[in-house]
Amino acid sequence: MRTFRHFLHGHPRGDHGDGLSGGRGGRGGGRIFGHGGLRFALLQLIANKPSHGYELIKSIEERLGGRYSPSPGIVYPTLTLLEELGHVSVDTAEGGNRKRYTITAPGREFLAANREITDEMMARMNGGVDGAGPRAGRPPQVVRAIENLKLAMRLRLAGEPLTEQQAHEFAAVLDSAAQQLERI
């Protein structure tokens with residue numbers, strides 16, 4: 001039986017989805033899942049509803065407001081590991097090759113024993129990288145505006161260095177926006 005430490009720190013044949021920070025469609029943002037965190041998130045999603053790998057990828061992408069989507073090259077090896085650990089079982093529809101993952105009793109026990117970590121992963125995923133995910137209650141137009149502002153700041157700061165005057169103007173625009181938002 002593999003230990004909790006082994007589960008967190010990797011599989012003998014490879015990383016299997018630990019330490020995600022990018023991925024297909026990943027745009028900006030910090031670390032979504034810490035080392036081993038994707039395993040907890042996938043297992044909890046499967047506990048909520050037996051799913052195919054593609055459905056799990058889409059669920060994570062949706063929960064993060066489209067700002068991150070783990071690649072199949074990360075998700076499927078992680079699902080295989082969960083199967084090897086006995087935490088999920090796999091069945092295929094007749095005539096098809098799509099695997100559907102279902103949590104097992106040992107998988108449920110593992111989630112219960114690690115509820116704090118699992119809850120942290122799900123909270124992080126439900127709130128998005130910066131808390132602006134769809135579950136954070138922010139309207140899409142607000143999320144879009146935040147992303148536009150962040151992009152404009154990154155582009156301007158990546159260009160020529162700001163002069164002293166430009167730095168003051170830059171800060172004044174941000175301060176003014178903050179004051180206006182406080183009045184809403």
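Count residues from 1 along the sequence.
Here CD1 of Ile57 is found 10.5 Å from CD1 of Ile74. Values are rounded to the nearest 0.5 Å. Atoms CG and CG, on Leu82 and Leu85 in that order, are 6.5 Å from each other to the nearest 0.5 Å. Between the OG1 atom of Thr92 and the NE2 atom of His52 there is a distance of 10.0 Å, given to the nearest 0.5 Å. Here CD of Glu83 is found 11.0 Å from OG1 of Thr102. Values are rounded to the nearest 0.5 Å. The distance from atom OG1 of Thr80 to atom NZ of Lys99, rounded to the nearest 0.5 Å, is 5.5 Å. Glu62 contributes atom CD, which lies 10.0 Å from atom NZ of Lys58 (distance to the nearest 0.5 angstrom).
Using modelled atom types and a 3.5 Å distance limit, the side chains of Gln180 and Ser176 yield a donor-acceptor pair. Counted by atom type alone, Asp175 and Gln179 present zero donor-acceptor pairs between their side chains at under 3.5 Å.
Between Ala47 and Leu111, the closest heavy-atom pair is CB-CD1, 3.7 Å. Heavy-atom minimum distance, Leu43 versus Gly107: CD2-O, 3.9 Å. Pro72 and Pro77 make their closest contact through O-CD, 3.6 Å (heavy atoms, listed as atom of the first residue, atom of the second, distance).
Using a distance-only test at 3.5 Å, with no hydrogens or angles considered, no donor-acceptor pair links the side chain of Ser51 to the main chain of Leu56.
When side chains are defined from C-beta on, Arg108 does not count as touching Thr104, because their heavy atoms never get closer than 4.5 Å. Within the 4.5 Å cutoff, the side chain of Arg154 has heavy atoms near those of the Lys150 side chain. No side-chain heavy atom of Asn48 sits less than 4.5 Å from a side-chain heavy atom of Ile103. Using a 4.5 Å heavy-atom threshold, the side chains of Met153 and Phe170 count as touching. Proximity of His87 to Leu81: side-chain heavy atoms (C-beta onward) are nowhere separated by under 4.5 Å. No side-chain heavy atom of Glu55 sits under 4.5 Å from any side-chain heavy atom of Arg100. Within the 4.5 Å cutoff, side-chain heavy atoms of Leu42 are placed close to those of Leu79.
When hydrophobic clusters are built by joining Ile, Leu, Val, Met, Phe, Trp and Tyr residues whose side-chain heavy atoms come closer than 4.5 Å, directly or via intermediates, Ile60 is grouped together with Tyr54. Leu157 and Ile146 end up in different hydrophobic clusters when Ile, Leu, Val, Met, Phe, Trp and Tyr side chains are linked at under 4.5 Å. Leu64 and Leu151 sit in two unconnected hydrophobic clusters of ILVMFWY residues. Membership requires side-chain heavy atoms under 4.5 Å apart, directly or through other members.
Residues Tyr101 and Tyr76 keep their aromatic ring centres 6.0 Å or farther apart.
For CD of Gln141, the number of neighbouring non-hydrogen atoms (other residues, nucleotides, ligands) closer than 6.0 Å is greater than 12.
With sequence neighbours excluded, the residues forming a side chain to side chain contact (heavy atoms under 4.5 Å, CB included) with Glu164 are His168, listed by chain and number.
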